[in-house]
Trainee: 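One structure follows; several queries about it will come next.
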Amino acid sequence: MTVPSRQPGTSLYVHVPFCARKCEYCAFYSEAAAGETVNRYVDSLIRELEWAAGNPTPRTIFFGGGTPSLLNLRQWEKILGAMERLDLLGAEEWTVECNPSTVSFEKAALLRASGVNRISMGVQSLDERLLDRLGRVHSREGVFKSFDTLRRAGFENINLDLMFAIPGQTMEIWRDTLAETLELGSEHVSCYEVIYEEDTPLFHQLNAGEFDVDEELACAMYDQLIETVARAGFRQYEVANFARSCPDEQDEIPVRACRHNVNYWRGGSFYGLGPSATGYLAGQRTKNWSNTILYCEQLEKGRRAVEWTEQLPPLARAGETAAFGLRMNAGWPFAQFQQATGFDLRREWSTDMDRLAEEGWGCIETDRFRLTERGLRFADAAAERFLRS
């Protein structure tokens, strides 16, 4: 395999494709954990880490899934040992996703001692009936116990993931979930509306008429979210992301914001390792095979596990960068966008910005373009206008 030179500021994403059970809404590539397959994956991941190794150290690292916390102590020790050998430790921000049912003090302490300094825990709901409805394997009590375990292990930066507009979720349940979640005192909260992806159980249930989507209630829940987290001292910096802010914070991006995701939204480069992972380096996008066995076979043969690569034309890439960046409350400062892409928003996307401003979805300011509160609620639809073929 050809080893690339690492770009300054590059981020590193690692996909761990194993789950105890597939959730009803999940369309990400994942599979049930089988002992020997997991061990084989770990060995193959280390081979891919060797491909990505070099200087400088990644600025941010993110282990997502799947359920990274499903890996056992021995498997984590093997991965972390390889990362130390390859000089991949020491990132400014290192996040590991976890499920409350797979958190132990020993595992959390190992991660913290190795440099992991941020945990993203998938809570989704604190209502037992809705957890069952989503196919989650943890209980509400498990959330509180795991949060306490993470604090005892030394984690001072914890994100809690929530979902709203879940089938059967009422406004009263949503308010209670928000209140209980905020009482835990995490540094960050991410809240996502349920999306009905094809080939998921929830999608098929919706098509079968087992429930209806209440768009009015979903909008009301989003409004309730914005109001509630603001009262609790959180700043919204992206459509679904909120960071606890300090009284003297001046930056438009909060200190507790997920820097790894900000790199995505600002069009930064990143390595994508693991089955189905995508990466973006030197203008080229890659995607690994969404098949763990095939992924392992390729790396065992000394090959990259890449299914496809593409080099987008500069304008198309700039359009994607514009679309992703507009998910952030700060929008796109004109100078920053031009520095990142080589294009001027005011030249190539002038008509699109004018139309969004006329519709009340966008705001053209002296130094930037951003979406309004209403525009952020429908950010995907607004951002589509910036895409170019």
Side-chain angles (χ1 to χ4, degrees), residues 93 95 100 118-131 134 140-141 143-148 150-151 155-166 168-195 214-259 261-262 265 326-331 360-363 365 370-380 382:
E93 176 191 273
T95 303
R118 185 175 184 271
I119 292 290
S120 182
M121 187 159 67
V123 174
Q124 314 316 350
S125 178
L126 289 172
D127 181 89
E128 292 284 9
R129 187 176 58 85
L130 291 181
L131 287 172
L134 292 172
R140 65 174 266 117
E141 186 60 29
V143 172
F144 302 117
K145 288 182 177 179
S146 293
F147 190 88
D148 179 62
L150 293 168
R151 286 295 199 219
F155 283 99
E156 299 177 349
N157 193 3
I158 300 175
N159 169 62
L160 300 176
D161 270 353
L162 297 177
M163 299 185 79
F164 65 94
I166 304 167
Q169 186 182 40
T170 65
M171 180 62 84
E172 181 181 5
I173 292 174
W174 178 230
R175 289 195 186 102
D176 289 344
T177 293
L178 283 173
E180 288 188 289
T181 299
L182 293 172
E183 283 175 10
L184 281 170
S186 70
E187 288 69 39
H188 193 283
V189 177
S190 298
C191 301
Y192 304 97
E193 182 177 350
V194 173
I195 298 175
D214 189 336
E215 291 289 354
E216 187 174 332
L217 178 59
C219 288
M221 286 180 169
Y222 186 73
D223 291 341
Q224 183 69 55
L225 162 67
I226 301 298
E227 176 186 333
T228 303
V229 297
R231 284 202 311 267
F234 285 78
R235 280 175 58 196
Q236 182 185 26
Y237 67 96
E238 192 267 350
V239 174
N241 286 276
F242 309 83
R244 190 179 294 279
S245 60
C246 303
D248 58 346
E249 273 191 0
Q250 300 297 323
D251 293 345
E252 58 186 22
I253 299 175
V255 171
R256 293 295 195 178
C258 179
R259 298 288 164 172
N261 286 338
V262 170
W265 298 321
L326 287 176
R327 295 184 59 86
M328 300 183 68
N329 292 55
W361 282 23
C363 182
E365 299 178 354
R370 63 176 178 82
L371 297 182
T372 62
E373 286 186 15
R374 178 169 175 76
L376 284 170
R377 176 69 184 88
F378 303 102
D380 288 343

Trainee: Please enumerate all residues that pass side-chain contact (heavy atoms from CB on, under 4.5 Å) together with Glu141, with sequence neighbours excluded.
Mentor: Ser139, Phe144, Lys145

Trainee: For Ser245 and Arg235, which heavy atoms make the closest approach, and how far apart are they?
Mentor: CB-CD, 3.4 Å

Trainee: Work out which heavy atom in Pro100 is nearest to a heavy atom in Gly122; give both atom names and the distance.
Mentor: CD-O, 3.4 Å

Trainee: Where do Leu130 and Ser125 come nearest, in terms of heavy atoms and distance?
Mentor: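 Leu130 and Ser125 have their closest heavy atoms at CB-OG, 3.7 Å.
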
Trainee: Working to the nearest 0.5 Å, report the span between CD of Gln169 and CZ of Arg129.
Mentor: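 CZ of Arg129 is found 9.5 Å from CD of Gln169.
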
Trainee: Nearest 0.5 Å, what's the CG-CE distance between Leu131 and Met163?
Mentor: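 It comes to 11.5 Å.
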
Trainee: Test of understanding: with side chain to side chain donor-acceptor pair (under 3.5 Å), list the residues that count as partners of Arg370, not counting sequence neighbours.
Mentor: Glu365

Trainee: Could you work out, with side-chain contact (heavy atoms from CB on, under 4.5 Å) as the rule, every residue matching Glu183, not counting sequence neighbours?
Mentor: none

Trainee: For Phe234 and Thr228, what are the C-alpha separation, side-chain angles and deciding distance, and is it a side-chain contact (heavy atoms from CB on, under 4.5 Å)?
Mentor: CA-CA 9 Å; Phe234 285 78; Thr228 303; over 6 Å; no

Trainee: Under a 4.5 Å cut-off applied to non-hydrogen side-chain atoms, are Gln236 and Ile226 in contact?
Mentor: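 They are in contact (side-chain heavy atoms under 4.5 Å apart), so the answer is yes.
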
Trainee: From Ile119 CD1 over to His188 NE2, what is the distance, rounded to the nearest 0.5 angstrom?
Mentor: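 These two atoms lie 14.0 Å from each other.
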
Trainee: Which heavy-atom pair separates Gly168 from Ile173 by the least distance, and what is that distance?
Mentor: O-CD1, 4.2 Å

Trainee: Quick check for you: to the nearest 0.5 Å, what is the distance between Met171 atom CE and Asp176 atom CG?
Mentor: 11.5 Å

Trainee: Can you find a heavy atom in the side chain of Met328 that is under 4.5 Å from one in the side chain of Ile253?
Mentor: yes

Trainee: Please assess Leu371 against Phe378 for the test side-chain contact (heavy atoms from CB on, under 4.5 Å), listing each intermediate value before the final yes or no.
Mentor: CA-CA 9 Å; Leu371 297 182; Phe378 303 102; over 6 Å; no

Trainee: If you compare all heavy atoms of Asn157 against all heavy atoms of Glu187, which two are closest, and at what distance to 0.1 Å?
Mentor: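 That closest heavy-atom pairing would be CA-OE1, 3.4 Å.
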
Trainee: Counting only heavy atoms not in Glu252, do more than 12 sit closer than 6.0 Å to its CD atom?
Mentor: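 Yes, enclosed.
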
Trainee: Would you find a donor on one side and an acceptor on the other, under 3.5 Å apart, between the side chain of Asn329 and the backbone of Glu238?
Mentor: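 Yes: the side chain of Asn329 pairs with the backbone of Glu238.
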
Trainee: So which heavy atom on Leu326 is nearest to which on Leu376, and how close?
Mentor: O-CD2, 3.9 Å

Trainee: Answer yes or no: is there a side-chain heavy-atom contact under 4.5 Å between Ser186 and Phe155?
Mentor: no

Trainee: Where do Arg151 and Ile158 land on the side-chain contact (heavy atoms from CB on, under 4.5 Å) test, with the steps shown first?
Mentor: CA-CA 9 Å; Arg151 286 295 199 219; Ile158 300 175; 3.6 Å; yes

Trainee: Spell out, as yes or no, whether a donor-acceptor pair under 3.5 Å connects the side chain of Tyr237 to the backbone of Cys258.
Mentor: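 Checked: pair present.
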
Trainee: Is there side-chain contact between Phe164 and Thr177, with heavy atoms separated by less than 4.5 Å?
Mentor: no

Trainee: Would you confirm whether Asn241, through its side chain, and Ala257, through its main-chain N or O, come within 3.5 Å as a donor-acceptor pair?
Mentor: no

Trainee: Atom CD in Glu93, atom CG in Asn261: separation rounded to 0.5 Å?
Mentor: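 Taking CD in Glu93 and CG in Asn261, the distance rounds to 8.0 Å.
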
Trainee: Taking the side chain as every heavy atom from C-beta outward, state whether Tyr222 and Val239 have any pair of such atoms under 4.5 Å apart.
Mentor: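 Result yes, sub-4.5 Å side-chain heavy-atom pair found.
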
Trainee: So that I can tick it off, tell me whether Arg140 and Glu128 are bridged by a salt bridge, with the cut-off set at under 4.0 angstrom between side-chain N and carboxylate O.
Mentor: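 Here Glu128 does not pair with Arg140 in a salt bridge, since their nearest N and O are not under 4.0 Å apart.
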
Trainee: For Gly360, does its backbone N or O pair with a side-chain atom of Thr372 as donor and acceptor, under 3.5 Å?
Mentor: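 Pair found, side chain donor or acceptor close to backbone of Gly360.
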
Trainee: Rounded at 0.5 Å granularity, tell me how far CZ in Arg118 sits from CG in Leu150.
Mentor: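 Separation between the atoms: 12.5 Å.
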
Trainee: Could you give me the CA-CA distance, side-chain angles and deciding distance for Glu193 and Arg377, then say whether side-chain contact (heavy atoms from CB on, under 4.5 Å) is met?
Mentor: CA-CA 11 Å; Glu193 182 177 350; Arg377 176 69 184 88; 3.2 Å; yes

